[in-house]
Amino acid sequence: MPENNHTFLLDFAPGRENLVERTEGPADIELDAGNLAVLLGGCRGADSIAMTPDIRVNAPGIDLSQVFYRKPCHILDLF
């Protein structure tokens with residue numbers, strides 16, 4: 001979807017509202033909607049990113065585990 005094909009800045013901290021906005025800056029990570037959904041859904045964590053060829057990390061050393069972390073997954077058939 002063209003509206004979602006941009007670079008977004010995430011700003012979050014405990015106790016305050018999350019901020020997501022478009023930015024023209026360079027992306028720390030590049031991934032498609034399918035990989036984003038799997039990572040945000042928690043079926044996989046940030047440690048799986050290195051083994052996913054479709055994902056490019058442009059900022060080595062960035063802690064992506066603050067955004068992408070494992071969560072309880074009760075779906076038995078992944079699709």
Side-chain angles (χ1 to χ4, degrees):
M1 186 172 185
E3 293 83 7
N4 292 334
N5 193 16
H6 292 279
T7 302
F8 294 90
L9 173 68
L10 305 178
D11 186 15
F12 57 93
R16 66 177 172 82
E17 186 175 339
N18 295 341
L19 174 66
V20 179
E21 61 185 27
R22 287 185 188 181
T23 180
E24 296 300 321
D28 292 337
I29 183 172
E30 296 178 51
L31 63 163
D32 62 20
N35 282 313
L36 178 62
V38 169
L39 288 167
L40 286 178
C43 291
R44 296 189 343 233
D47 56 332
S48 72
I49 291 172
M51 299 175 284
T52 310
D54 298 354
I55 299 176
R56 278 196 308 256
V57 178
N58 301 324
I62 189 167
D63 185 8
L64 294 171
S65 67
Q66 294 180 357
V67 178
F68 305 120
Y69 50 90
R70 299 263 315 162
K71 300 171 188 77
C73 184
H74 302 286
I75 298 174
L76 300 178
D77 294 321
L78 299 177
F79 49 96

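On a predicted model such as this, the values are computed, not experimentally measured, just so you know.
- The shortest non-hydrogen separation linking Lys71 to Leu40 is NZ-O, 2.9 Å.
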Listed pairs under 3.5 Å, donor-acceptor, residues 50-62 side chains, sequence neighbours left out:
from, atom 1, to, atom 2, distance (Å)
Thr52, OG1, Arg44, NH2, 3.2
Thr52, OG1, Ser48, O, 2.9
Arg56, NH2, Glu30, OE1, 2.5
Asn58, ND2, Ala27, O, 3.1
Asn58, ND2, Glu30, OE2, 2.7

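- Atoms CG and CG, on Leu19 and Leu9 in that order, are 6.5 Å from each other to the nearest 0.5 Å.
- In this structure the side chain of Leu39 reaches within 4.5 angstrom of the side chain of Ile49, judged on heavy atoms.
- Applying the side-chain hydrogen bond (donor to acceptor under 3.5 Å, both in side chains) test to Asn18 and every residue at least two apart in sequence or in another chain returns nothing.
- Counting non-hydrogen atoms of other residues, nucleotides and ligands closer than 6.0 Å to OH of Tyr69 gives a total of 12 or fewer.
- Atom CD1 of Ile29 is separated from atom OG1 of Thr7 by 12.0 Å, given to the nearest 0.5 angstrom.
- Considering CZ of Phe68 and CG of Asp47, their distance stands at 12.5 Å, rounded to 0.5 Å.
- Here side-chain hydrogen bond (donor to acceptor under 3.5 Å, both in side chains) pairs that include residues 19-28, with residues two or more places apart or in two chains, are His6-Arg22.
- The shortest side-chain heavy-atom distance between Asn35 and Asp32 falls under the 4.5 Å cut-off.
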